[in-house]
Amino acid sequence: MSENPLRRLPKMDLLLARPGLAEGPFPRAVLVRAARETLEEARRELLSGGPDRPPEADELADRARARAVRLSVPHLRRVVNASGVVLHTNLGRAPLGMEAARAAYDAALGYSNLEYGLEAGERGSRHDHVEAILCELTGAEAAMAVNNNAAAVLVMLSALAGGKRAAVSRGELVEIGGGFRVPDIMARSGATLLEVGTTNKTRIADYEHAVLTRGAEVLLKVHTSNYEIVGFTQDTPLEELSALGRLHGLPLLYDLGSGALDREFLPGLGECPTVAGALRAGADVVCFSGDKLLGGPQAGIAVGKRTYIEAMKRDPMARVGRIDKLSLAALEATLRLYRDPAQAGARIPALAMLNAPAEALKARAEALAARLRLVLDGICTVAAVPTEDKVGGGAMPNRALPGWAAALTPLGGGVEELEAAFRAAPTPVVGRIHRDALLLALRTLSAEDEEAVVDAAKGLVGKAE
């Protein structure tokens with residue numbers, strides 16, 4: 001009777017004592033986990049009809065060491081976004097500018113006056129750090145910030161529409177990422193949804209009918225930032241909704257979402273709705289994201305009439321969704337840049353990327369392609385090609401941005417393997433596959449990112465050799 005091969009696997013303590021592991025720089029907990037998972041993997045291989053003999057102890061030690069290396073790498077880490085999608089939700093949306101990153105760093109290092117009034121020497125409010133500058137930039141009477149825009153909308157509805165009937169166009173019952181839907185958020189807030197109009201057409205008369213015959217007490221408008229309805233359509237302008245609200249004493253609440261402050265900061269994006277424009281049109285409260293077209297950290301921001309914003313600050317949901325000190329510091333630093341449009345366009349990365357002209361991107365793509373061509377000779381053909389970049393982040397879904405990319409076409413095929421290899425680089429590079437080529441879009445690459453791309457390519461050559 002042959003010996004059970006599982007019995008020939010070394011015990012945990014013997015594997016941990018092998019020189020390749022015992023002399024490593026890894027914490028004990030990491031080594032134990034790596035050794036345990038390596039032995040479990042070897043057992044599965046034997047039980048599934050793999051090799052008749054288990055791996056030698058030295059091979060198992062090498063496997064465990066490689067696993068320990070992988071376990072020692074931070075799970076959340078820097079990634080190079082070469083996709084051409086500026087506000088890439090899966091990659092963290094808007095990257096922070098240097099001023100915002102430094103502000104968050106300073107706030108993290110020690111204590112701060114987060115909720116302490118330095119002049120009076122008593123308890124203060126975290127809303128104070130951004131309220132004045134938000135009012136300055138948008139023309140609002142008051143402002144506040146919470147964790148994200150979904151939280152801002154929930155606080156707004158809880159404070160201003162809870163227990164009331166809110167009229168919303170059927171064409172604006174939006175679902176955002178993760179399956180969160182406007183009707184669900186309204187239900188959680190305690191507001192009653194009154195659908196008005198149709199999916200493709202909602203007129204001011206539909207809202208009037210809801211007010212006069214269905215008892216609507218709040219007017220809610222939701223910007224369809226992640227989709228567009230085109231063709232036989234009609235939308236009710238904010239100005240008309242505002243006039244209706246004033247006539248009947250009803251608040252007009254606007255979930256803008258995408259968060260462009262004013263059109264002067266994004267001249268290349270055309271007719272996108274803006275926070276300042278919504279307030280000028282008569283919205284009483286406008287909610288929007290900090291990490292989309294604003295170009296700051298994750299945050300939900302509400303601006304508008306003082307009486308409504310103060311009610312939102314007092315609502316219990318404001319405590320549930322409150323913003324943390326690092327995001328608050330980064331948000332203030334980002335907003336301060338907006339005082340000078342030229343400075344904002346140059347020093348807020350998302351704005352710089354969105355406004356980048358195609359001619360400049362072409363020159364950069366040609367230069368990067370030339371560098372990669374030297375590195376990847378014999379592995380890929382490399383060319384600079386025109387592309388269509390995207391805004392991303394659920395903002396302006398059908399707006400294409402003319403861009404340029406370095407296109408890498410593997411000799412002999414295998415573009416999926418090439419894309420995976422770039423993702424597996426020490427600094428992962430995330431591009432996108434188009435036909436038989438891996439596109440590395442320049443719009444979303446900084447100068448530092450370009451160096452990481454070249455380093456990743458050099459790593460591919462080293463593996464090939």
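Worth saying up front: this structure is predicted, and the values here are computed from it rather than measured. Along the sequence shown, residues are numbered consecutively beginning with 1.
In this structure, C272 and A260 approach most closely via the heavy-atom pair SG-CB, 4.3 Å. Contact detail for A82 and V429: the closest heavy-atom pair is CB-CG1, 4.2 Å. Heavy-atom minimum distance, F26 versus V69: CZ-CG2, 3.6 Å. Minimum interatomic distance between A140 and C135 (heavy atoms only, all atoms of both residues): O-CB, 3.3 Å. Nearest heavy-atom pair, T202 versus V196, reported as atom, atom and distance to 0.1 Å: OG1-O, 3.8 Å. The shortest heavy-atom contact between L439 and A407 is CD2-CB, 3.5 Å.
When atom types are taken as modelled, the side chain of E141 and the backbone of R306 share a donor-acceptor pair closer than 3.5 angstrom. A donor-acceptor pair under 3.5 Å is formed between the side chain of R126 and the backbone N or O of I323. Looking at R443, its side chain does come within 3.5 Å of a backbone N or O of P402 through a donor-acceptor pair. Between the side chain of H248 and the backbone N or O of E208, no donor-acceptor pair lies under 3.5 Å. In terms of modelled atom types and a separation under 3.5 Å, the side chain of D284 and the main chain of L252 share a donor-acceptor contact. In this structure, the side chain of R214 engages the main chain of E195 through a donor-acceptor pair within 3.5 Å. T444 contributes a side-chain N or O that, together with a main-chain N or O of G84, makes up a donor-acceptor pair within less than 3.5 Å. For T198 (side chain) and K201 (main-chain N/O), a donor-acceptor pair under 3.5 Å exists by modelled atom type. In terms of modelled atom types and a separation under 3.5 Å, the side chain of R322 and the main chain of A145 share no donor-acceptor contact. In this structure, the side chain of D262 does not engage the main chain of A276 through any donor-acceptor pair within 3.5 Å.
The OG atom of S327 sits 13.0 Å away from the CD atom of E332 when rounded to the nearest 0.5 Å. Atoms CG and OG, from D235 and S169 in turn, are 7.0 Å apart once rounded to the nearest 0.5 Å. Note that the CE atom of M312 and the CE atom of M317 stand 12.5 Å from one another [nearest 0.5 Å]. With rounding to the nearest 0.5 Å, the separation of CZ in R364 from CG in L445 is 6.5 Å. Between atom OG of residue S242 and atom CG of residue L219 there is a gap of 9.5 Å, rounded to the nearest 0.5 Å. We find the CD-CG distance between E366 and L368 to be 11.0 Å, quoted to the nearest 0.5 Å.
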### Task
Take E240 and R203 through the salt bridge (charged side-chain N to carboxylate O under 4.0 Å, His left out) test and state the conclusion after the steps.
CA-CA 10 Å; E240 294 184 14; R203 302 176 178 87; over 6 Å; no

### Task
Could you walk me through whether L160 and V218 pass the side chain to side chain contact (heavy atoms under 4.5 Å, CB included) test, one step at a time?
CA-CA 8 Å; L160 307 178; V218 174; 5.8 Å; no

### Task
Could you walk me through whether H223 and S258 pass side chain to side chain contact (heavy atoms under 4.5 Å, CB included), step by step?
CA-CA 8 Å; H223 174 46; S258 53; 3.7 Å; yes

### Task
Check the pair L294, I301 against side chain to side chain contact (heavy atoms under 4.5 Å, CB included), reporting the backbone distance first and the verdict last.
CA-CA 10 Å; L294 182 71; I301 303 165; 3.8 Å; yes

### Query
Please walk me through it: do I348 and F265 pass side chain to side chain contact (heavy atoms under 4.5 Å, CB included)?
CA-CA 10 Å; I348 298 176; F265 301 108; over 6 Å; no

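A heavy-atom distance below 4.5 Å is found between the side chains of L408 and F422. The shortest side-chain heavy-atom distance between C287 and V153 falls under the 4.5 Å cut-off. Using a 4.5 Å heavy-atom cutoff, the side chains of L261 and L293 are not in contact. Considering only heavy atoms from C-beta on, L134 stays 4.5 Å or farther from M144 through its side chain. A heavy-atom distance below 4.5 Å is not found between the side chains of L96 and P349. Using a 4.5 Å heavy-atom cutoff, the side chains of L250 and L244 are not in contact. You'll find the side chain of N147 reaches within 4.5 Å of the side chain of Q298, heavy atoms only. Residues L193 and L173 meet the side-chain proximity criterion, which asks for heavy atoms closer than 4.5 Å.
Using a cutoff of 4.0 Å between basic side-chain nitrogens and carboxylate oxygens, E310 and K313 are scored as salt-bridged. With respect to the salt-bridge test (charged N to carboxylate O, under 4.0 angstrom), the residues E419 and R423 qualify. A salt bridge does not link E239 with R280: none of the charged nitrogens is closer than 4.0 Å to a carboxylate oxygen. Contact check on E99 versus R336 returns no salt bridge, with no Lys/Arg side-chain nitrogen under 4.0 Å from an Asp/Glu carboxylate oxygen. A salt bridge does not link R170 to D206: none of the charged side-chain nitrogens sits closer than 4.0 Å to a carboxylate oxygen. Using a cut-off of 4.0 Å between Lys/Arg side-chain N and Asp/Glu carboxylate O, D449 and R78 are scored as salt-bridged.
At most 12 heavy atoms of other shown residues, nucleotides or ligands fall within 6.0 angstrom of atom CZ in R123. Residue-environment remark: CG (D436) stays at or below the threshold of 12 foreign heavy atoms within 6.0 Å. Counting heavy atoms of neighbouring residues, nucleotides and ligands inside a 6.0 Å radius, atom CZ of R33 does not exceed 12 of them. Shown here is K325, whose NZ atom has more than 12 heavy atoms of other residues, nucleotides or ligands within 6.0 Å. Atom CZ of R263 is surrounded by more than 12 heavy atoms from other residues, nucleotides or ligands within 6.0 Å. Shown here is Y105, whose OH atom has no more than 12 heavy atoms of other residues, nucleotides or ligands within 6.0 Å. No more than 12 heavy atoms of other residues, nucleotides or ligands lie within 6.0 Å of CD in E388, so this atom counts as exposed by the packing criterion. Counting heavy-atom neighbours within 6.0 Å of R188 CZ, excluding the residue itself, gives a total of 12 or less.
Using a 3.5 Å distance cut-off with no hydrogens or angles, the side chains of S158 and S189 do not pair a donor with an acceptor.
Contacts of H209 classified as side-chain hydrogen bond (donor to acceptor under 3.5 Å, both in side chains), with partners at least two apart in sequence or in another chain: T213.
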